[in-house]
Engineer: 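This is the structure I have questions about; it appears just below.
This structure is a prediction, so every number in the text was calculated from the model and none was measured. Residue numbers begin at 1 in each chain, while the letters A, B, ... track the order of the sequences.
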Amino acid sequence: MTVILETRGLSKSFGAVTAAANIDMTLQEGEVVGVIGSNGAGKTTFINMVTGYLRPSSGSILFRDREITGFSPRRVTRAGICRSFQVAQLFPELTTLENMLIAASMLDGSHLAVLHPLKKPSTIDKALKALDEYGIGNYADAQVATLPQGVRNLLDIAMAMLGGPALLLLDEPTSGVAIEEKFGLMDTVMNAVGRSGAASLFVEHDMEVISRYATRVIAFYEGHIIADGPTAEALGHSQVREYIIGTELHRQPAEGRDHAEN
Amino acid sequence: MRSDRTLILLVVAVVVLWGFAAFMPNWLMFLTTVALAKGLVVLGLVLLLRTGLVSFGQGLYFCLGGYVVGIAGQWWGVTDVGLVMLLAVLCALFVSCLLGLLLCRYREIFFAMLTMAFSMILYGILVKSQALGSTDGFNIASASLFGWQPEQAALGTWIYLLTVLIAGIVLLFMHLYFHSPMGFAGEAIRENEIRVEYLGVSPRQVVYLKYLIAAVVAAIGGALTALTAGHVDPEMAFWTTSGEFVFIALLGGTGHVAAPLAAAFLFELIRTYAFDLAPYTWQMILGAVLLLIIFFLPRGLWSLLPKPSAKRKNNDGHS
């Protein structure tokens with residue numbers, strides 16, 4: 001296995017608040033890693049730093065042995081890392097298909113073309129196939145603002161995956177989705193990501209989702225990594241049980257956390 | 001299929017407007033020329049509006065285009081229409097390349113105010129330039145067409161024919177543009193810049209290019225206006241002129257490439273009659289029209305046509 005992502009001593013502070021302290025982690029090619037931690041533990045800060053949204057206060061990020069610390073989001077994207085967002089970042093006034101077509105044209109660099117239409121049979125065909133892969137092909141002509149949350153999250157991920165990234169970072173892919181729909185959504189996402197061969201890292205609060213899909217878990221607490229290992233081992237870690245899971249492993253965490261983090 | 005239809009409609013429109021030249025009264029021909037020229041400026045503005053940006057300074061390039069034509073004729077002895085248009089376009093490109101570097105960093109009201117400020121700077125310079133006639137401006141030398149000098153009486157008709165042709169070409173380009181990846185990139189930026197960044201694209205670069213296109217189209221409009229009016233003055237860069245373009249854009253809406261030109265024609269008509277009706281308070285009539293549009297047709301006059309292309313095709317088929 002080769003290391004695809006590595007962070008060394010990654011830290012971020014906002015004034016007196018330390019959002020991430022000394023994060024050292026590595027990610028192998030094709031790995032599926034779950035990230036857990038309570039609100040404000042530094043999970044999103046970590047993703048934001050890796051994807052260039054936030055500049056780290058110190059430390060370095062290496063992607064395929066290449067230094068990408070301080071890259072802008074678009075350089076990170078071009079390097080081969082894509083992300084989804086906790087609140088799906090879409091073009092709400094356009095249709096699902098248009099969202100996909102725009103994403104495809106931007107990711108393959110043809111967005112500056114003026115003399116051929118965006119909606120060509122060939123590009124539409126490709127976009128519809130990609131939508132089908134995420135099970136949302138029947139929403140192709142719907143305006144994105146009218147879509148249910150789960151479909152939006154899937155579209156968000158489908159758009160990110162169009163570029164064929166080597167690494168996908170998912171910030172709470174199941175946020176805003178009813179409990180009974182979470183597994184279906186994650187199945188769809190993980191199957192598609194698995195087929196593409198990309199490594200993925202996903203933030204999740206639901207421990208059942210974590211134990212079903214992640215082969216490895218990284219636990220954040222107050223900006224530090226307190227556990228990093230195979231899923232069962234990490235979830236059994238004493239500090240993880242105390243600070244993150246509580247003792248009741250198989251119960252849903254309290255409601256309202258999505259609102260708090262949004 | 002849709003684009004083929006628009007292409008045919010465009011060609012038909014150009015030919016029909018050319019045919020009208022045979023029996024159009026002079027005043028109507030002049031009004032149509034000015035409306036088409038201004039419509040082109042508005043088309044550039046619509047390009048920016050679709051990207052979520054309002055420019056209150058398209059007068060800058062409108063005026064620049066006009067003055068370049070004037071200066072080329074009066075001072076450099078260049079009167080060939082093709083050449084002066086090219087000069088106007090190059091000049092607008094040069095200025096917009098510079099200003100765009102700054103402007104592409106701003107959005108919303110900041111973009112609007114900055115564009116207006118630049119336009120007012122040009123106004124200020126022109127008002128102080130005695131050689132260019134200060135506030136009075138100066139007259140344009142009669143244009144020649146590829147080495148041939150049409151007689152003075154027929155010049156208006158020639159400029160009209162030329163304007164119709166250029167408007168047709170620009171409309172065709174804009175039609176392709178609005179449906180192209182680059183056109184949609186503008187809507188994407190209006191909707192969500194963060195997403196655009198994460199798709200590996202610089203919103204600033206896209207805005208920059210769009211600003212250049214809008215500037216070039218505005219300069220073409222200004223040059224044609226100068227040629228047909230035979231006169232330029234600093235008023236072309238004054239903020240009320242830029243405001244007029246925004247007014248026309250709202251009047252027409254952003255639904256179709258032809259909307260700005262139709263709206264510009266209507267605007268010139270309303271203004272002509274309003275001026276006739278109420279020489280001292282004609283602006284009130286314009287204001288009332290704008291208010292009505294905003295209240296009842298927020299997407300512009302074009303939204304009155306539910307299925308514009310289908311309806312038109314039927315009409316064409318019968319006639």
Engineer: Hey, which residues of residues 192-202 of chain A are touching chain B, say heavy atoms under 4.5 Å apart?
Structural biologist: none
Engineer: B:V41 and B:F62: which non-hydrogen atoms are nearest, and at how many Å?
Structural biologist: CG2-CD1, 3.6 Å
Engineer: Sort A:R75 into side chain, backbone, both or neither according to what part of it lies under 4.5 angstrom from a heavy atom of chain B.
Structural biologist: neither
Engineer: Anything in residues 101-108 of chain A with a heavy-atom distance to chain B below 4.5 Å? Please list those residues in order.
Structural biologist: A:I102, A:A103, A:S105, A:M106, A:L107
Engineer: Does any part of the side chain of A:L90, heavy atoms only, come nearer than 4.5 Å to the side chain of B:E191, both counted from C-beta?
Structural biologist: no
Engineer: Measure the spacing between CG of A:L27 and CG of A:L169 and express it to the nearest 0.5 Å.
Structural biologist: 8.0 Å
Engineer: Given that the side chain runs from C-beta out, which part of A:T51 has a heavy atom under 4.5 Å from chain B: side chain, backbone, both or neither?
Structural biologist: both
Engineer: Nearest heavy-atom pair of A:V177 and A:G150: which atoms, and what distance?
Structural biologist: CG2-CA, 3.8 Å
Engineer: Main chain of B:G59, side chain of B:S242: is a donor-acceptor contact present, judged purely on distance under 3.5 Å?
Structural biologist: yes
Engineer: Between the side chains of A:S72 and B:E197, is a donor N or O closer than 3.5 angstrom to an acceptor N or O?
Structural biologist: no
Engineer: Using a 4.5 Å cut-off on heavy atoms from C-beta on, say whether the side chain of A:K119 contacts that of A:L97.
Structural biologist: no
Engineer: Under the ring-ring contact (aromatic ring centres under 6.0 Å, His included) definition, can you give me all pairs with a residue in residues 55-106 of chain A, not counting sequence neighbours?
Structural biologist: A:F85-B:Y198
Engineer: Of the non-hydrogen atoms in A:A88 and A:R152, which two are nearest, and what is the gap between them?
Structural biologist: CB-O, 3.7 Å
Engineer: Hey, could you give me each pair passing ring-ring contact (aromatic ring centres under 6.0 Å, His included) that has a residue in residues 117-143 of chain A? Not counting sequence neighbours.
Structural biologist: none
Engineer: Would you give the length of the straight line joining atom CG of A:N153 to atom CG of A:D171, rounded to the nearest 0.5 angstrom?
Structural biologist: 10.5 Å
Engineer: Given that the side chain runs from C-beta out, which part of A:N99 has a heavy atom under 4.5 Å from chain B: side chain, backbone, both or neither?
Structural biologist: neither
Engineer: Tell me, out of A:L162, A:T123, A:L118, who's got the most heavy-atom pairs with chain B below 4.5 Å.
Structural biologist: A:L118
